**Q** 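Pasting in a structure now, in structure tokens, and then I'll have a few things to ask.
In each ligand, atom 1 is the first atom listed, and ligand 1 is the first ligand listed. Side-chain atoms are counted along with the backbone in the values below, which use heavy atoms only and exclude waters and symmetry mates. Please read all numbers here as calculations on a predicted model, not as lab measurements.
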Amino acid sequence: MTGVVTVKNFQMSFAGKEVIKDLSFTVKKGEIFGLLGSNGSGKTTTIRALLNLYQPSGGELLINGKAFDPAGDFVVGYLPEERGLYKKETVIDVMTYFGKLKGLKDPKEWSLKYLNRVELPDVANMAIGKMSQGMQQKVQIGITIMGNPKLLILDEPTKGFDPVNRKLLMDIIEELHEKGTTIVMITHYMDEVERLCDRALLLKDGKARAYGTIKNIRKEFDGKTLDQIFVKVYGEKADAQ
Ligand SMILES: Nc1ncnc2c1ncn2[C@@H]1O[C@H](COP(=O)(O)OP(=O)(O)OP(=O)(O)O)[C@@H](O)[C@H]1O
Ligand SMILES: [Mg+2]
């Protein structure tokens, strides 16, 4: 079965240390897919290999049936785990610059509208470095979603957000989903997964510990909530009898 994302028998080792043993999954067109797992389980590594930022030790990782090509027609928006934007330039200058690169018709207008949407109506002329982390993250998310990417890959998009902003961002992700965007998101917040994700994969010991619709994953664990499942799966070693 091909999907927007196809990962087949992916393996990854760093200097002899095996991080991903054997991982296969697909992300279907139009769905929100949750890539879940404890710290260090290999989520970011999988995304980096998918985007050709890492050379896999084995297997195949495809976007829309091909190895990822940043210059290709299949536009991918990527919010990396490590954040970073120009600091001295103003918000509007940086957003307009990226908007132009991404071929927006009116990048300035798009950016002002977005800033309003994320409740930052007055920051357009502020230097990015003078904004709080969460504010900067909102700007970076705006840049990520410019130009209607067909696939959005979000590595912990709500990290560090307060509950109000987390909900705001979930609303935005839902709107993009409704427009047909395929989304892969990494998150440690199980309420986000319950609300947003169609399907998910729990990565453990370099393999998929659970994979499928949220409903089926919950069924597999006797109807437990995702929070309870997470604690059971990743607390297993500590609790081993
Ligand atoms: N470039 C690298 N060189 C060596 N080891 C690496 C490299 N990138 C990742 N690793 C190792 O791979 C493992 C998985 O890291 P990764 O960043 O993929 O985890 P993660 O699931 O994204 O965790 P978190 O939830 O904390 O972000 C870790 O043990 C990490 O040290
Ligand atoms: Mg990570």
**Q** Within the stated cut-off of 2.8 Å, is an N/O/S atom of D155 closer than that to the Mg ion (ligand 2)?
**A** no
**Q** Between F68 and F74, does the ring centre distance come in under 6.0 Å?
**A**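 Ring centres of F74 and F68 not closer than 6.0 Å.
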**Q** Can you list every pair that meets salt bridge (charged side-chain N to carboxylate O under 4.0 Å, His left out) and has a residue in residues 152-181, with sequence neighbours left out?
**A**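 The answer is R117-E175, R166-D191, R166-E192, K167-D171, D171-R195, E174-R195.
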**Q** Side-chain atoms of residues 84-93: list all donor-acceptor pairs with protein atoms under 3.5 Å, sequence neighbours left out, distances to 0.1 Å.
**A**
unit_1	atom_1	unit_2	atom_2	d
K87	NZ	Q136	OE1	2.8
T90	OG1	D93	N	3.2
T90	OG1	D93	OD2	3.4

**Q** Any carboxylate oxygen within less than 4.0 angstrom of a Lys/Arg side-chain nitrogen, looking at E18 and K207?
**A** no
**Q** At less than 4.0 angstrom from any atom of ligand 1, which residues have a non-hydrogen atom? List them by chain and residue number.
**A** F14, K17, V19, S38, N39, G40, S41, G42, K43, T44, T45, Y54, E81, E156, H188
**Q** What pairs of residues pass the side chain to side chain donor-acceptor pair (under 3.5 Å) test when at least one of them lies in residues 94-114, not counting sequence neighbours?
**A**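 Found none.
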**Q** May I ask you to decide if the ring planes of H188 and F230 are parallel, tilted or perpendicular, using 30° and 60° as cut-offs?
**A** perpendicular
**Q** Should P149 and V75 count as side-chain neighbours, where that means a heavy-atom distance under 4.5 Å?
**A**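 Yes, side chains in contact.
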**Q** State whether T44 contributes an N/O/S atom found under 2.8 Å from the Mg ion (ligand 2).
**A**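 True for T44.
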